[in-house]
There are 4 protein chains.
Amino acid sequence: MMKKKNPEKYQQIIDATVQLIDRQDVAMVSTTQVAKKVGISQSNIYIYFKNRDDLIKHVFIREVDAMSQFVHDTQVPATDLFGQFASQLDALFQFALQHPTSLNVIQKILRSYSYQHLVAKPDDLNAANAELLVTLKKGQQTGLFKQVDLSLLQNTILSNIKLQADNIHHGKYTAAEQPFERVRQLIFDAILNGSRS
Amino acid sequence: MMKKKNPEKYQQIIDATVQLIDRQDVAMVSTTQVAKKVGISQSNIYIYFKNRDDLIKHVFIREVDAMSQFVHDTQVPATDLFGQFASQLDALFQFALQHPTSLNVIQKILRSYSYQHLVAKPDDLNAANAELLVTLKKGQQTGLFKQVDLSLLQNTILSNIKLQADNIHHGKYTAAEQPFERVRQLIFDAILNGSRS
Amino acid sequence: MMKKKNPEKYQQIIDATVQLIDRQDVAMVSTTQVAKKVGISQSNIYIYFKNRDDLIKHVFIREVDAMSQFVHDTQVPATDLFGQFASQLDALFQFALQHPTSLNVIQKILRSYSYQHLVAKPDDLNAANAELLVTLKKGQQTGLFKQVDLSLLQNTILSNIKLQADNIHHGKYTAAEQPFERVRQLIFDAILNGSRS
Amino acid sequence: MMKKKNPEKYQQIIDATVQLIDRQDVAMVSTTQVAKKVGISQSNIYIYFKNRDDLIKHVFIREVDAMSQFVHDTQVPATDLFGQFASQLDALFQFALQHPTSLNVIQKILRSYSYQHLVAKPDDLNAANAELLVTLKKGQQTGLFKQVDLSLLQNTILSNIKLQADNIHHGKYTAAEQPFERVRQLIFDAILNGSRS
DNA sequence: AATGAATGAGTGTTCATTCAT
DNA sequence: AATGAATGAACACTCATTCAT
């Protein structure tokens with residue numbers, strides 16, 4: 001089992017699971033629901049994944065990979081660290097705007113499972129965040145960013161980007177009414193070392 | 001049914017539920033688990049709460065009330081808006097430090113249930129957040145705070161406060177190694193209108 | 001227990017049970033429902049009845065007694081057996097018309113419980129039917145009624161009377177559109193020995 | 001789910017349910033009891049039926065179909081309406097004699113559920129009764145039968161046939177001691193328009 | 001590779017009954 | 001006499017998982 005003999009169906013199962021997690025608590029998504037959504041028999045899932053947890057894990061991995069790829073492809077090369085950071089920020093926001101489901105699912109799974117449990121080799125995965133984290137770490141070393149724990153910087157960036165994208169996605173306001181520049185400014189002000197002021 | 005003649009057990013049930021939600025997905029907390037933790041028979045729960053949902057709702061209400069009370073009692077009177085905001089910030093951080101479980105549970109339940117579903121009178125409840133929101137709104141009107149959607153301001157404040165408290169709670173670092181002043185500064189910089197710089 | 005210190009409440013409990021049985025399967029009527037309908041606590045029922053079966057039994061006894069009393073009081077004295085029979089028939093129909101619930105409940109309980117289980121002394125109870133049965137038996141002995149098993153005569157009488165009353169009660173037709181005389185004629189034709197024809 | 005790939009077990013479940021309903025109130029028959037009787041796990045039932053209600057419904061349909069088939073096959077062709085009626089009567093009695101459980105179960109389910117709820121296409125189902133009803137209706141139009149509500153005619157026929165069969169089945173008397181001819185006569189006298197007398 | 005069948009453990013919920021007060 | 005509290009057993013139903021085909 002768990003061989004991906006039919007890659008299409010493998011993707012279909014993950015797709016269905018993603019959509020279900022997007023709308024419900026992770027814990028409420030059942031293999032029955034997934035199978036029904038794909039239009040296959042429930043036991044068929046166990047040919048592609050060795051159990052429910054394995055399915056969730058692969059969902060997580062695929063979505064994180066997609067995000068990494070997107071961000072990597074979208075960010076423009078920059079000469080200095082600040083430019084690189086700004087570029088990553090914009091890429092992440094683009095991703096959040098275009099793939100609100102992906103980001104939502106990633107965060108939901110992260111909250112339900114410990115990170116260790118999800119990824120075997122933490123390094124090569126989660127490259128999107130990894131690149132961001134590298135930038136943030138460098139920025140802290142050069143005194144560009146504040147000397148708070150990395151998780152706070154990361155959180156300030158990601159949570160605000162997601163919130164802005166979600167608000168737009170849910171029609172709370174349009175991108176024109178609340179331009180991303182303001183959010184970017186908020187994040188900059190938060191992250192950057194205030195020595196400038 | 002649903003009478004609360006024995007307030008001790010009523011509280012015990014809620015306590016047990018809080019601890020279980022703190023450690024798992026809300027959806028995974030079962031009445032069986034709760035009953036086992038309290039040491040009563042599962043059906044006994046239905047004497048104190050008419051539903052599983054009712055139990056969760058009451059957990060939410062109790063925790064939110066406690067937080068409101070704490071913040072209300074802890075914040076010191078301030079002459080100007082900024083002082084008031086700073087005071088609220090500190091009070092929230094104190095709460096997050098002393099009651100990390102409460103904050104965690106409140107956020108988890110909020111994510112699973114819609115706010116409308118949880119509270120009958122949204123106004124008088126959740127006063128802690130209500131007070132903060134009032135302050136933020138006023139600050140925006142006077143030009144003190146940035147003109148982004150309120151939810152972003154609120155998120156920047158609460159998520160960073162919670163993260164800092166959690167990091168300390170989990171032993172990632174001590175309050176001495178990473179003083180709250182830095183987090184407060186991050187929040188100030190994020191929230192305040194940059195016109196000052 | 002089971003003392004009827006407060007006869008009012010005793011009757012209230014039976015009343016509520018009667019109404020509930022009228023609308024549901026006997027097996028679906030719970031002490032919880034009864035207590036709620038009366039406005040007392042569930043355990044209170046066990047002061048008046050020693051268990052659920054005992055309650056049902058007393059419901060049955062009371063309703064049967066009421067029917068007996070009604071029929072006994074309503075039938076007019078008759079000189080011959082046929083006149084007596086006709087009078088009983090009319091009395092039963094009057095009862096069915098005025099107390100459709102009672103008749104319904106009696107039949108429902110009879111179907112769920114064996115008769116032996118319901119009444120301790122089968123003789124003195126169920127006097128209404130007893131009187132009818134006596135009449136039928138006499139009629140058979142004198143050759144007035146058909147020589148089929150008594151239960152068939154009884155069934156033909158009671159089931160048709162109930163059906164007619166129910167149809168009227170449910171608005172299927174009015175007593176004017178379908179006068180009882182026709183039903184009485186049907187019963188007479190069925191019961192009476194055809195030698196007359 | 002709900003596929004009927006293994007027709008044997010599907011029938012076994014229905015058989016067990018029929019026997020249980022025969023002996024108890026419909027409302028008291030539980031999926032646990034049924035499963036135990038068949039010797040399968042309780043959850044297995046939900047592979048063959050989507051609900052407890054669905055199970056009951058299928059029990060009803062199967063029994064009614066069997067009765068229809070039996071009556072249809074058993075009745076002999078008749079030249080006139082009266083002969084047809086007499087033939088249907090005899091067929092119904094044969095069925096009641098040979099399948100007392102079926103008839104009992106059909107009536108019990110009918111009392112608990114509304115007819116509409118039980119069958120999708122009321123017309124083609126329940127053909128046994130349907131044929132009888134057609135005969136009765138025709139008989140009323142030609143003045144052969146009494147002008148009472150159809151339900152009374154139907155009741156007089158079915159209830160007496162069932163009672164006679166049950167009495168024999170329970171050993172109250174033998175078919176020799178109380179020949180069906182007498183019951184048939186009772187029904188004829190009841191149903192037929194008395195103008196003959 | 002795919003499915004239907006099967007199961008045991010789990011869910012929330014209701015029930016009849018008992019008991020201390 | 002009356003009640004709230006408590007419980008164990010039952011219920012309908014869903015789930016993740018396994019297995020033979």
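In what follows, chains are A, B, ... by sequence order, proteins preceding strands, each numbered from 1.
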Rounded to whole Å, please give me the gap between [atom1] in [X] and [atom2] in [N].
X	N	atom1	atom2	result
Y48(C)	dT17(E)	OH	C1'	18 Å
I45(C)	dA1(F)	CD1	P	16 Å
N44(D)	dT7(E)	CG	P	5 Å
Y10(D)	dA5(E)	OH	C1'	16 Å
D54(D)	dC13(F)	CG	P	10 Å
I56(B)	dG12(E)	CD1	C1'	12 Å
R52(B)	dG12(E)	CZ	P	6 Å
I47(B)	dT18(E)	CD1	C1'	12 Å

Listed by chain and number, what are the side-chain hydrogen bond (donor to acceptor under 3.5 Å, both in side chains) partners of [X], not counting sequence neighbours?
X	answer
D53(A)	Y113(A)
N44(B)	none
T32(D)	none
K9(D)	none

### Query
Hey, does S102(B) have a side-chain heavy atom less than 4.5 Å from the side chain of V18(B)?
no

### Message
Is there a side-chain contact between N51(D) and the phosphate of dC13(F), meaning an N or O under 4.0 Å from OP1 or OP2?
### Response
yes

#### Entry: The single option from I56(D), L103(D), V26(D), V29(D) passing side-chain contact (heavy atoms from CB on, under 4.5 Å) against K108(D)
V26(D)

### Message
Looking at every non-hydrogen atom in both residues, tell me the closest pair between A27(A) and A27(B) and how far apart they are.
### Response
CB-CB, 3.7 Å

### Query
Does the dC15(F) base have a donor-acceptor partner in the side chain of Q42(A) within less than 3.5 Å?
no

### Query
Which residues within residues 11-36 of chain D lie with some heavy atom under 4.0 Å of an atom in DNA chain F?
V29(D), S30(D), T31(D), T32(D), Q33(D)

### Query
Please, what dot-bracket string fits DNA chain F when only Watson-Crick and G-U pairs with both distances under 3.5 Å count, crossing ones use [ ] and pairs to another strand use |?
.||||||||||||||||||||

## Note on the structure
Winner on side-chain proximity to Y46(A), out of dA5(F), dT17(F), dT3(F), is dT17(F)

### Query
For DNA chain F, whose closest nucleotide is more 5', that of S43(B) or that of K9(C)?
K9(C)

### Task
Decide salt bridge (Lys or Arg N to Asp or Glu O under 4.0 Å) for R62(A) and D15(A); before the verdict, give the C-alpha distance in whole Å, the side-chain angles of both, and the deciding distance to 0.1 Å.
CA-CA 10 Å; R62(A) 197 196 68 173; D15(A) 284 342; 2.9 Å; yes

### Query
How are the rings of F49(B) and Y10(B) set relative to one another: parallel (under 30°), tilted (30 to 60°) or perpendicular (over 60°)?
parallel

